[in-house]
Amino acid sequence: MGGLQKKKYERGSATNYITRNKARKKLQLSLADFRRLCILKGIYPHEPKHKKKVNKGSTAPRTFYLLKDIRFLLHEPIVRKFREYKVFVRKLRKAYGKAEWTAVERLRDNKPGYKLDHIIKERYPTFIDALRDIDDALSMCFLFSTFARTGKCHVQTITLCRRLTVEWMNYVVTSRSLRKVFISIKGIYYQAEVLGQLITWLVPYQFAHDHPTDVDYRVMATFTEMYTTLFGFINFRLYQTLNLVYPPKKLSALSASLARVVATAEEEEENQLDQFPADGEDLENMEAREKEQKEQEAQNRLFEGLKFFLNREVPRESLAFILRCFGAEVSWDKSLCIGGTYNVTDETITHQIVDRPDIDKQYINRYYIQPQWVFDSVNAKMRLPVEDYFLGVTLPPHLSPFVEEKDGDYVPPEKLKLMALQRGEKHVQEEEEDDDDDDDDEEYNDEVDDEDLTEEKNLKKMEDQRSQGKTLAVKVTPGKVKPWETGSVGNKVRLEKEEKAEEKRLAIMMMKKKEKYLYDKIMFGKKRTTREANKLAAKRKAHEDTSKAEKKQKKAKKQ
Amino acid sequence: MRLWNELSYFTCWISHQARLCTPPTRLCTPPTRLCTPPTRPGPALYSTHQARPCSVLHPPGQALLCTPPTRPGPALYSTHQARPYSVLHPPGQALLCTPPTRPGPTLYSTHQARPYSVLHPPGQALLCTPPTRPGPVLHPPGPVLHPPGQALYSTHQALYSTHQARPCSVLHPPGKALYSTHQARLCTPPTMPGSVLHPSGKALYSTHLTVPGLIQPICFSTRLLTRFSLSPSFLSQDIRNTVGNIPMEWYQDYPHIGYNLDGKKIFKPIRNKDELDEFLDKMENPDYWRTVHDKTTASDIRLSDEQVDLVHRLQKGQFGDVNFNEYEPSVDFFTNEVMIHPVTNRPQDKRSFIPSLIEKEKVSKLVHAIKMGWIKPRKPKETTPQYYDLWAKEDPNAILGRHKMHVPAPKMRLPGHEESYNPPPEYLLTEEERMAWEQQDAEDRKLPFLPQKHSCLRAVPAFSRFIHERFERCLDLYLCPRQRKMRVNVNPEDLIPKLPKPKDLQPFPTTMSLVYIGHSSLVRSISASPTGQWLVSGSDDCTVRFWEVNTGRCMKTLEVGGAVKSVAWNPNPAVCLVAVCFESTVLLLNPGLGDRLVVSSTDQLITSYEPPEEDKEQAVTWALSEGPEHDNGHRLTLTHPKAVKQVVWHGKGDYLASVMPDNSSNLQVLIHQVSKRRTQNPFRKNKGLVQCVSFHPLRPYFFVATQRYVRVYNLIKQELTKKLMTNCKWISSMAIHPGGDNLICGSYDCRLAWFDLDLSTKPYKMLRHHKKALRGVAYHKHYPLFASGADDGSVIICHGMVYNDLLQNPLIVPVKVLKGHQITHDLGVLDVTFHPTQPWVFSSGADATIRLFT
């Protein structure tokens with residue numbers, strides 16, 4: 001009892017946070033410098049748990065930084081460099097104003113610069129930390145490398161980004177670490193597994209950018225500055241792990257140093273095999289891992305022995321990158337870009353990738369396929385049948401490899417088909433059957449109960465049932481309820497069910513308010529997902545119905 | 001470094017030399033002072049490096065031209081020619097002064113400003129070129145005394161060398177104004193504060209003169225004058241009125257307007273011009289346009305042609321002097337032509353043509369340093385960043401320099417099927433969906449983009465928002481507040497409490513077995529006989545009906561005088577009495593059902609009453625029924641002062657409580673003793689609107705439910721034992737557990753509160769099972785069951801087990817929801833009651849039926 005009266009907001013969370021303006025004043029930095037510092041040092045605002053407490057009772061919207069973060073910035077040597085730079089700019093302006101050109105030159109020579117090495121080391125104490133956080137750096141550098149060399153940022157930045165990204169791609173090719181690729185409407189997504197970390201990045205399509213006006217390029221440039229530094233060190237380290245010299249020379253066409261690439265890849269494999277028995281763990285685990293490893297290896301050799309030729313209309317860099325990653329040989333027309341190793345006329349070419357409806361002169365001993373085949377094959381981890389991807393053929397839908405369906409999610413039928421293919425079931429049969437079943441599909445659905453089904457059909461049925469969802473199930477029940485009612489067994493089952501439902505309802509009545517709220521929320525979410533899945537399924541069904549009807553009409557017209 | 005120091009020293013030294021060679025200007029002034037200069041400085045003069053400030057005095061009305069003191073040094077002269085001019089006009093007393101032109105900043109720093117002052121005595125000018133230089137200069141006017149007005153102008157003890165100054169003071173006659181209380185002290189530096197009090201007492205001027213410097217020998221008055229003469233506000237100042245530059249409204253209340261130089265009052269004109277005069281003057285006077293009103297003398301002054309001309313010229317920004325030519329041919333003082341004769345005759349120094357030894361030494365040092373490789377040419381800066389193995393010595397245990405509050409940025413969401421360039425058809429938006437998408441705000445959209453299908457890769461265009469998205473990601477990374485949120489990952493099934501199965505808690509009523517039909521309006525209240533054979537119900541159709549429980553037959557119908565609010569069967573099985581309340585009457589009926597012995601003994605009990613000797617005044621009147629009413633079964637009629645809402649029996653069957661809800665009096669609850677026909681009001685104070693009351697089944701406790709609280713009174717000790725907070729808005733009904741330690745309260749806000757009286761005064765459980773207001777609650781006498789009926793037409797049966805072990809809390813499990821009553825006029829079930837022996841429940845509803853659930 002007694003003692004000093006505790007004052008409000010002088011302890012606890014109120015003292016752990018600081019508003020942005022106060023932080024700025026404490027650091028004596030302009031807003032722009034503060035922003036730059038935050039970006040470089042990776043300082044971000046925190047949302048306090050009790051905003052009102054932190055805000056000293058006010059509910060005004062404010063962003064809060066952790067006081068520790070700001071204290072951490074106080075001793076940052078780069079702050080001094082910022083100030084030096086500011087002084088430099090002032091001096092330069094003065095010299096310009098006075099037209100003292102020698103002074104300008106001298107100042108220019110002594111332009112203060114700063115290095116971010118220590119910041120990178122501080123932010124990412126270990127290499128893996130850095131690698132984990134490289135997604136954004138990759139996407140940003142790939143974006144900057146596609147910028148035109150005019151205006152928006154320094155040419156050096158663009159060339160540096162380009163250099164770093166090409167180095168990265170070469171590393172991925174060499175280490176054969178690409179896993180998934182996806183053509184989206186935004187660009188091409190790649191996912192690689194580097195040292196056990198899944199790294200995803202997005203590369204825009206090769207078009208001139210329509211630079212928006214509402215984007216602050218200074219922010220982007222600051223980020224890029226940090227990212228290039230990080231990226232360079234990561235590349236260095238990665239090349240070091242492959243026993244390669246960094247920086248490599250002449251890489252831009254993604255074709256150089258191919259021989260060396262192959263050699264290193266083989267070496268690596270040997271290494272991995274050696275390591276295997278050393279792992280002493282549970283047998284099952286090991287087997288599973290072994291299986292995975294084998295699959296992985298199989299995927300890495302997906303295109304090995306194949307010889308590709310890229311037509312000029314396909315995205316050369318992306319395809320060459322992917323194909324190389326899986327061991328194929330790639331070439332392109334010499335007039336397109338340097339680095340093509342063989343010509344169209346080469347008889348040993350197995351696949352030619354074409355993205356036009358038809359081509360005049362076709363060689364008989366090679367497949368002419370559309371680029372999607374490459375992407376789909378990589379995602380399926382197997383060479384897909386080329387028939388679906390021939391010239392002029394309507395392509396099958398391109399699915400995202402990043403989606404992992406859980407229970408109750410909608411799975412597009414193409415994915416089911418693909419899963420069946422991966423399990424080694426034949427694809428052709430199904431198609432024939434499909435044609436046969438075209439007319440009496442609905443009857444077939446009702447009759448299937450007793451028939452022996454292939455697994456695939458089973459799948460399809462499940463899918464149908466699932467896709468028909470609740471609305472359809474309701475429709476069916478009136479017909480089926482009757483036999484139940486007459487039969488005593490069915491009656492019992494139904495009663496039991498009802499009883500259970502009632503029990504549950506009564507139990508829910510007894511839930512506490514808080515839990516009830518949570519329960520309702522969860523159930524709402526569940527219902528929403530099923531509703532969405534049902535909607536997708538219904539849409540698909542409608543689409544298939546219309547396309548079938550169209551087909552029939554066509555047939556009728558032909559006859 | 002050492003080298004650099006030496007070099008800088010060298011440059012300093014050179015500049016110092018340069019400074020030294022500028023000849024001292026100050027020395028040459030005194031002679032110029034004496035010679036009256038020609039109007040224009042001639043080039044010949046300047047070549048001799050002598051500064052000649054020259055001043056020209058014009059007779060009144062002419063300009064005083066003054067060239068600034070020239071400075072030796074060629075740099076000065078080439079860039080600068082500053083000439084302040086001041087022009088004094090006699091009639092209007094305008095002192096014009098063009099400011100000194102300023103050619104360049106370098107000049108300004110060296111320029112010495114010279115104030116010029118002009119003093120007009122009645123019409124004379126005091127010209128004062130400031131004493132640039134020391135040297136005894138005597139100013140001609142000296143102290144000027146104005147005889148009439150006691151004005152002492154210019155106590156200029158113009159002996160500059162001796163620093164003597166005379167303060168001057170001016171006394172204004174009308175109001176004791178002492179201008180410049182400058183204590184005149186000889187030979188003291190003129191740093192005297194002065195204060196001026198104006199006649200009307202409105203202002204106290206204080207002038208603080210700090211003139212300690214050597215170059216400040218200008219005395220007070222001249223300085224003032226100078227300042228005024230330079231300031232434009234003083235242009236209109238007329239010296240003929242000696243009040244000075246004051247707001248003239250201070251003289252508003254006086255007949256005069258000031259004092260002339262003779263110290264005489266200047267009187268205001270007799271009649272001021274009004275607007276009309278002004279207008280007429282404007283129309284008629286051809287010189288109106290050149291007439292200026294002089295505020296100080298309150299007279300109109302007609303400007304002469306010259307003055308008008310002057311004004312015009314000033315307006316145009318020209319010089320006041322017509323004769324002044326501002327575009328004089330420039331005189332090149334130093335030509336580029338090499339003249340035959342040197343400017344000075346001094347021979348060149350020796351050092352200017354022999355090589356410097358010091359320089360030689362320095363150069364040789366430099367050469368040596370270069371030879372030795374100490375000085376290297378500047379390396380071009382490395383522009384490409386250098387990378388190395390940053391993590392060569394990585395320490396996995398290294399603390400991040402950060403703290404545990406660090407929240408890593410979430411990764412970008414991975415794309416789904418809908419983002420594909422060729423998605424499955426179900427992912428494409430239909431026409432309506434697309435419209436909806438377009439109409440939504442960008443933030444509300446579930447997908448930030450429109451899914452599109454392209455037939456081939458070639459046809460895919462660039463994504464227009466690519467840079468935007470990247471930028472937004474950047475913003476998120478450094479601007480977005482981060483918070484670690486725990487994701488609730490629970491199986492919803494786990495949230496459902498594990499309760500014993502209703503099946504294991506049987507028996508409880510499950511199905512509707514009988515419907516008692518007969519009433520024509522809502523059945524407010526029901527009650528079962530203690531044997532369980534009969535049921536009594538009271539309805540709004542003013543009847544009380546007696547039913548046989550097992551058959552549903554209506555045994556008896558009794559008409560009473562009003563809508564029956566409550567019925568209660570005497571719980572004593574040896575007595576066959578039913579209490580019925582309607583309007584302000586409580587009726588005790590003997591229905592004559594069941595055992596005849598019981599019926600007759602009941603009648604006997606009532607008739608055997610002997611009135612006490614002394615009649616007490618009672619709150620109600622007890623009346624014995626006779627005649628046809630007696631035949632109908634009426635036995636006793638208790639006429640209350642107010643409308644009765646509820647009657648309830650004590651467990652022994654002798655006492656009866658009736659409720660007359662009334663917020664304004666303490667007469668709300670009455671307890672009657674039937675055997676003694678006695679009535680008492682247990683409460684002296686009104687504690688709120690009583691909703692219902694109940695007796696404790698075993699102990700002498702009495703429960704009174706007001707709107708929000710239930711009060712438990714000890715009837716023997718006559719005190720309040722407990723006050724239960726129900727947390728409800730409005731209690732509707734209440735029931736006591738047969739054990740007596742638990743209580744349930746139904747409320748109109750859909751809640752049922754279970755109190756464990758031993759536990760707390762707050763509800764042990766709040767049950768929100770019903771969707772609408774609860775109207776009736778009941779406990780079963782033997783089985784661990786309780787029921788609640790509500791306006792949603794349902795009766796919910798709960799298993800409410802009370803254990804003998806005090807440490808174990810009651811177990812409450814809802815076991816059945818019974819439905820059957822129709823909702824009429826938003827009312828569903830109005831009353832529930834259990835069968836006394838069987839696990840059956842009766843419910844009466846607004847649909848005029850009573851239902852039995854077994």
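The chains referred to below are lettered A, B, ... by the order of the sequence lines, with proteins before strands, and numbering in each begins at 1. This structure is a prediction, so every number in the text was calculated from the model and none was measured.
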Trace of the salt bridge (Lys or Arg N to Asp or Glu O under 4.0 Å) decision for A/Lys504 with B/Glu493:
CA-CA 10 Å; A/Lys504 198 175 165 187; B/Glu493 299 301 321; 3.4 Å; yes
Salt bridge between A/Arg540 and B/Glu426, side-chain N to carboxylate O under 4.0 Å?
yes
So does A/Glu532 pair up with B/Lys446, basic N to acidic O under 4.0 Å?
yes
Sub-4.5 Å side-chain heavy-atom contact between A/Pro45 and B/Arg482:
no
Quick one: of B/Val407, B/Thr430, B/Asn422, who has the most non-hydrogen atom pairs under 4.5 Å with chain A?
B/Asn422
Please determine whether salt bridge (Lys or Arg N to Asp or Glu O under 4.0 Å) holds for the pair A/Lys535 and B/Glu433, giving the CA-CA distance in whole Å, both sets of side-chain angles, and the decisive distance to 0.1 Å.
CA-CA 12 Å; A/Lys535 199 175 154 196; B/Glu433 281 169 336; 3.0 Å; yes
I want to check something: taking the side chain as every heavy atom from C-beta on, are B/Tyr421 and A/Gln372 in contact at a cut-off of under 4.5 Å?
yes
Which region of B/Leu499, side chain (C-beta onward) or backbone (N, CA, C, O), has a non-hydrogen atom less than 4.5 Å from a non-hydrogen atom of chain A, or is it both or neither?
side chain
Side chains of A/Asp117 and B/Tyr387, donor plus acceptor under 3.5 Å
no
More than 12 heavy atoms from other groups under 6.0 Å of NZ on B/Lys772:
yes
Flag the pair B/Arg470 / A/Met140 as yes when at least one side-chain heavy-atom distance between them is below 4.5 Å, and no otherwise.
yes
Please determine whether the number of non-hydrogen atoms from other residues, nucleotides or ligands lying under 6.0 Å from atom NZ of B/Lys379 exceeds 12.
no
So that I can tick it off, tell me whether B/Lys485 and A/Glu47 are bridged by a salt bridge, with the cut-off set at under 4.0 angstrom between side-chain N and carboxylate O.
no
Pair B/His406, A/Tyr44: side-chain N/O donor-acceptor within cut-off below 3.5 Å:
yes
